[in-house]
Amino acid sequence: MSRTAIAAWQGFVATTLDFARTFFLVDVVHGQVKAKREIRLTNASLQAIAHTLEIAGAQAVVCGAISAPLWNAVEARGIRIIPFVHGDVNEVIQGCLEGTLREERFHMAGCRPGGHGSGRCRRRKSGPCCG
Amino acid sequence: MPDEIQTIILDSITEGVFTVDKSFRITSFNNAAEKITGTPRARAIGMPCREILRASICEGRCALHQTMRSGKPVLGKNVVILDAAGTRRSISITTAILRGCEGEIVGGVETFRDLTMIDTLRKEIEREYSFEDIISRSHRMRTLFDILPDVARSGSTVLLEGESGTGKELFARALHSLSPRKRKPFVAVNCAALPDTLLESELFGHTAGAFTDARKDTPGRFARAEGGTLFLDEIGDISPALQVRLLRVLQERSYEPLGSVAPVSADVRIVAATNKSLEGLVRAGTFREDLYYRINVVCLSLPPLRDRMENIPLLVEHFIAKLNRIQDRDIAGMTDEALTCLMEYRFPGNVRELENIIERAFILCRGGEIDRHHLPAPLCGDKQEHHLTEQGSHRSFSHMEASFVINALRRNNWSRSRTAMELGIHKTTLFRKMKALGISEESRSGE
């Protein structure tokens with residue numbers, strides 16, 4: 001089973017992980033969604049976000065933009081970051097399962113394709129991110 | 001006014017300006033907005049503003065939304081945004097409504113000022129650092145980060161152990177800013193910097209006439225830190241006499257200023273730091289055991305930089321960005337060769353030494369990337385020069401990676417499981433990496 005967290009706001013992927021308060025935890029077994037539940041954060045700090053994702057058992061987090069300190073805090077916990085995703089949460093879950101998150105419709109604006117020195121704007125690798 | 005003239009006017013101002021239609025899609029975006037957000041105008045136009053600005057208030061407390069709903073402008077609201085490179089920037093925003101010819105609402109306009117430089121300078125001046133100012137992705141530091149908020153809230157006396165330059169004061173400030181005492185003063189004293197008699201007066205203050213030239217009552221650092229945190233750096237260097245006085249403050253929560261017989265109560269949290277082993281000093285009889293146990297309620301050991309070499313690229317990136325901001329420069333980064341030199345260095349002066357090295361390189365590097373010849377000579381001596389020339393830049397990166405993995409293996413006594421855990425990767429990934437880099441058990445025999 002794999003567990004992926006999706007930072008959400010009003011049914012869409014939250015624009016910025018740093019300021020996200022709602023997450024969907026999606027459990028996938030053999031390419032099928034087995035469970036989807038919502039968690040809400042009350043503490044707004046970056047460490048609290050990273051810590052919550054870790055204790056929730058997330059192996060990956062799908063999000064919009066992410067700051068360098070949060071990137072480091074999440075990555076240090078061994079959680080894979082799938083950044084600069086945009087769109088409806090259910091469509092994104094489907095995109096994860098089908099490995100189609102690289103499609104233009106899931107790309108967030110404002111990211112410089114081709115990457116930046118810090119790697120914050122790296123595009124996603126192909127292949128499914130859930131399961 | 002023709003559109004071209006409007007564009008010229010908007011592009012000539014230093015504040016970021018963008019306009020949105022009623023569905024919050026960007027309709028214009030000036031030069032300064034491009035610069036602050038890092039997003040080109042062509043990409044921003046037509047996009048929802050929240051995807052470009054990525055502000056802390058976009059999802060939930062949007063100022064433009066509020067203005068368009070209430071008709072009232074929002075003035076000078078300070079928020080944090082994420083620019084295209086993932087940097088958090090402080091900005092101040094002001095919003096207003098855009099109306100059409102008939103007075104109907106057609107959208108909104110937001111102007112914003114970049115406060116990052118002001119914020120950086122304020123932090124530098126006030127030395128007000130938070131948790132997020134500690135740059136690290138190492139496993140050992142992460143463990144510290146996890147317990148730091150709980151330790152901060154507890155109010156207990158904390159002992160920070162670590163070599164010079166490992167960031168003890170930064171941790172002490174982070175502990176203070178995470179604690180309920182954060183609105184009260186943080187006062188730092190370097191116990192090794194003052195002779196004993198002066199230190200006593202400095203800590204506890206003195207009354208008029210306590211000694212020659214003591215013409216008026218002077219509060220000490222304990223009084224100045226009242227309600228807040230007192231950071232006692234290099235506590236291992238204080239004299240036995242002062243140890244007794246300090247012990248009394250910790251036990252009775254009161255002290256007497258020099259020349260006074262009236263005790264003054266002290267509501268101060270003590271955070272002490274040392275680059276020596278206090279336990280060793282206790283065994284040697286130079287540090288009081290009872291004081292040691294009073295101070296050592298919670299002990300945090302900060303690892304030296306050589307034990308968390310994986311942080312070096314991150315720290316280099318951080319210091320380059322910081323100096324670019326402060327000095328208004330545009331240094332692009334560091335070459336692989338220069339980074340290799342840094343990865344092979346032992347950093348006896350820890351993070352402070354690394355920061356000084358980068359600052360020195362900024363003086364020598366006029367533009368582009370910091371190269372190895374911008375580093376001090378001991379870091380890139382002949383031995384490395386020969387080595388690098390022979391291997392070329394591509395292989396130097398592999399070499400850097402190999403030395404990084406070997407260092408991690410050494411720290412974990414060549415246990416692959418523990419090393420993989422420290423590096424935050426699976427042990428099969430580590431095994432694959434070792435194989436690709438030609439690292440085997442034989443590499444150990446050379447030690």
Side-chain angles (χ1 to χ4, degrees), chain A residues 7-22 40 43-52 54-55 59 63-81 83-87 107-122, chain B residues 26 37-40 43-60 79-89 130-139 141-143 145-146 148-149 178 310-311 313-314 317-318 320-321 332-334 369 420-421 423-426:
Chain A
W9 181 69
Q10 294 189 351
F12 286 84
V13 175
T15 311
T16 313
L17 184 60
D18 295 49
F19 312 126
R21 296 292 168 267
T22 306
R40 282 175 189 273
N43 188 335
S45 80
L46 301 189
Q47 292 297 325
I49 293 172
H51 189 58
T52 305
E54 185 183 31
I55 57 171
Q59 288 142 349
C63 57
I66 174 172
S67 71
L70 184 55
W71 180 291
N72 295 328
V74 172
E75 200 172 58
R77 285 167 163 79
I79 300 167
R80 190 178 152 211
I81 302 161
F84 299 105
V85 177
H86 149 100
H107 286 191
M108 189 181 180
C111 173
R112 294 176 207 158
H116 194 262
S118 57
R120 236 67 65 190
C121 276
R122 282 186 298 228
Chain B
I26 295 173
T37 62
T39 304
R43 190 168 293 139
I45 300 285
M47 295 306 300
C49 55
R50 69 187 173 94
E51 291 202 9
I52 302 300
L53 208 63
R54 303 160 181 176
S56 46
I57 57 166
C58 282
E59 290 170 350
V79 299
V80 176
I81 63 160
L82 274 199
D83 70 11
T87 307
R88 291 164 75 95
R89 284 176 178 272
S130 70
F131 209 15
E132 288 147 25
D133 295 301
I134 304 168
I135 308 294
S136 181
R137 67 164 55 141
S138 92
H139 179 75
M141 292 292 269
R142 203 200 87 194
T143 313
F145 290 170
D146 284 346
L148 204 60
L178 285 167
E310 66 272 35
N311 275 351
L314 195 67
E317 190 184 301
H318 166 74
I320 290 175
M334 184 175 271
E369 290 184 313
M421 194 183 288
L423 298 177
I425 57 175
H426 196 272

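Below, chains carry the letters A, B, ... as their sequence lines are ordered, and counting in each starts from 1.
- The closest side-chain heavy-atom distance from A/Met108 to A/Thr15 is below 4.5 Å.
- Between A/Ala50 and A/Ile79, the shortest heavy-atom distance links the atoms O-CD1, 4.4 Å.
- Side-chain contact between A/Leu17 and B/Arg54 is absent, with no heavy-atom pair separated by less than 4.5 Å.
- When heavy atoms are compared at a cutoff of 4.5 Å, A/Ala14 approaches chain B by way of both its backbone and its side chain.
- Between B/Glu59 and B/Arg50, the shortest heavy-atom contact is OE2-NH1, 2.8 Å.
- Heavy atoms of A/Glu54 lying under 4.5 Å from chain B belong exclusively to its side chain.
- Neither the backbone nor the side chain of B/Ala321 comes within contact range of chain A; no heavy atom of the residue lies under 4.5 Å from a heavy atom of that chain.
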